[in-house]
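In this text the structure is predicted, and so the values were computed from the model without any measurement.
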Amino acid sequence: MRGRTMYVVPFSMGPLGSPIAHIGVENPDSAYVAVNMKLMTRMGAKVLEVLATTVTSFRGALGRHSARTRPKDVPWPCNKSTSTSSTIPRPRRSGRSARGYGGNALLGKKCFALRIASVMGREQGWLAEHMLILGVESPEGKKHYVTAAFPSACGKTNFAMIIPPPAFKGWKVTTVGDDIAWIKPKDGRLRAINPESGFFGVAPGTGWDTNPNCMETIKTNTIFTNVALTPRATCGGKA
């Protein structure tokens, strides 16, 4: 790590101060990671204020992410001999080396919200799942919440941001989360929260024809990664 600029990134998965949220601290050498964490989590000084009042019972996760394993003048390695990834549930630690994909580079994403949290949930009696959460309200004002599990790139974000078709006039759909659900029992019922703050979706299958809500969302405050635009590229049938 000698000679590199390191960032201290305190973040909260779930609303700040919530009894069902958990705090983490990531130590990356990548500004890209730090900016992504700002979009995808509740990150910053306010997290430290919450941590200061709960430090004796800290039950979050710590992680280090390095975008490089070689000197800066050497191209970024992208092979099995130089890229490493590890998540250790006990103690709650995570390490990444030469990982550029957002889901692996961001501690709050797969590493904490799914891998580490699944072990925490098993120990504490709750679930960390790869699921979307949405609310569906009838014209009469009766609202139900739905969770649904799909593997990566199978349409969770598109489903979570669905717009009721014309035949369902008066119905409303509310997006709570598009990728991860923490499901905790309370008063005999299961209650789910989205531990993330922003949306995290993959590009294939997402366009104006399939998800106009998402297309409107990504006009601002969006980071694209592993995405290339070519002369033949289309987005939902529109160039």
Novice: Going from OG1 on Thr175 to CG on Leu132, what distance comes out if it is rounded to the nearest 0.5 angstrom?
Specialist: 9.0 Å
Novice: Compare every heavy atom of Ser118 with every heavy atom of Ala128, then report the nearest pair and how far apart it is.
Specialist: CB-N, 3.8 Å
Novice: Drop me the distance from Phe11's CZ to Leu48's CG, to the nearest 0.5 angstrom.
Specialist: 12.0 Å
Novice: Would you say the side chain of Glu137 lies within less than 4.5 Å of the side chain of Lys142, judging by non-hydrogen atoms?
Specialist: no
Novice: So which atom in Ser12 and which in Gly14 form the shortest heavy-atom distance, rounded to 0.1 Å?
Specialist: OG-O, 2.9 Å
Novice: Which heavy-atom pair separates Val173 from Ala160 by the least distance, and what is that distance?
Specialist: CG1-O, 4.4 Å
Novice: Measure the CZ-CE distance between Phe159 and Met131 for me, rounded to the nearest 0.5 Å.
Specialist: 10.5 Å
Novice: With rounding to the nearest 0.5 Å, note down the distance linking CD1 in Ile193 to CD1 in Ile20.
Specialist: 4.0 Å
Novice: ring-ring contact (aromatic ring centres under 6.0 Å, His included): which pairs involve residues 117-153, sequence neighbours left out?
Specialist: His22-Trp126, Trp126-Trp182
Novice: Are Ile162 and Trp208 co-members of a hydrophobic cluster defined by side-chain heavy atoms under 4.5 Å apart?
Specialist: no
Novice: Taking all non-hydrogen atoms of both residues into account, name the closest pair between Arg42 and Asn194 and its distance.
Specialist: NH1-O, 4.2 Å
Novice: Between OG of Ser197 and CE of Met37, what distance do you get to the nearest 0.5 Å?
Specialist: 11.0 Å
Novice: Can you confirm whether Ile163 sits close enough to Pro212 that some side-chain heavy atom of one is under 4.5 Å from a side-chain heavy atom of the other?
Specialist: yes
Novice: When you look at Val47 and Leu16, which way does the side-chain contact (heavy atoms from CB on, under 4.5 Å) test go after all the steps?
Specialist: CA-CA 7 Å; Val47 178; Leu16 276 169; 3.7 Å; yes
Novice: Tell me, yes or no, whether the heavy-atom count around Lys143 atom NZ, taken from other residues, nucleotides or ligands under 6.0 Å, exceeds 12.
Specialist: yes
Novice: Is there a donor-acceptor pair closer than 3.5 Å between any side-chain N or O of Lys186 and the backbone N or O of Arg191?
Specialist: no
Novice: Is there a path of hydrophobic side-chain contacts, each under 4.5 Å between heavy atoms of I, L, V, M, F, W or Y residues, that connects Met43 with Tyr7?
Specialist: yes
Novice: Between Ala113 and Gly108, what is the shortest heavy-atom contact and its length?
Specialist: CB-O, 3.2 Å
Novice: Within the side chain of Thr217, is there an N or O that forms a donor-acceptor pair under 3.5 Å with the backbone of Met215?
Specialist: no
Novice: Give me the atom names and distance for the closest heavy-atom approach of Val176 to Gly135.
Specialist: CG2-N, 4.5 Å
Novice: In terms of hydrophobic clustering (I, L, V, M, F, W, Y; side-chain heavy atoms under 4.5 Å; direct or indirect links), are Val9 and Met13 co-clustered?
Specialist: yes
Novice: Just verifying a value: how many Å separate Glu26 CD and Lys109 NZ, rounded to the nearest 0.5 Å?
Specialist: 13.5 Å
Novice: Taking the side chain as everything from C-beta on, heavy atoms only, tell me whether Glu129 gets closer than 4.5 Å to Ile183.
Specialist: yes
Novice: Using the rule that Ile, Leu, Val, Met, Phe, Trp and Tyr join whenever any side-chain heavy atoms are under 4.5 Å apart, tell me whether Phe112 and Val35 fall into a single cluster.
Specialist: yes
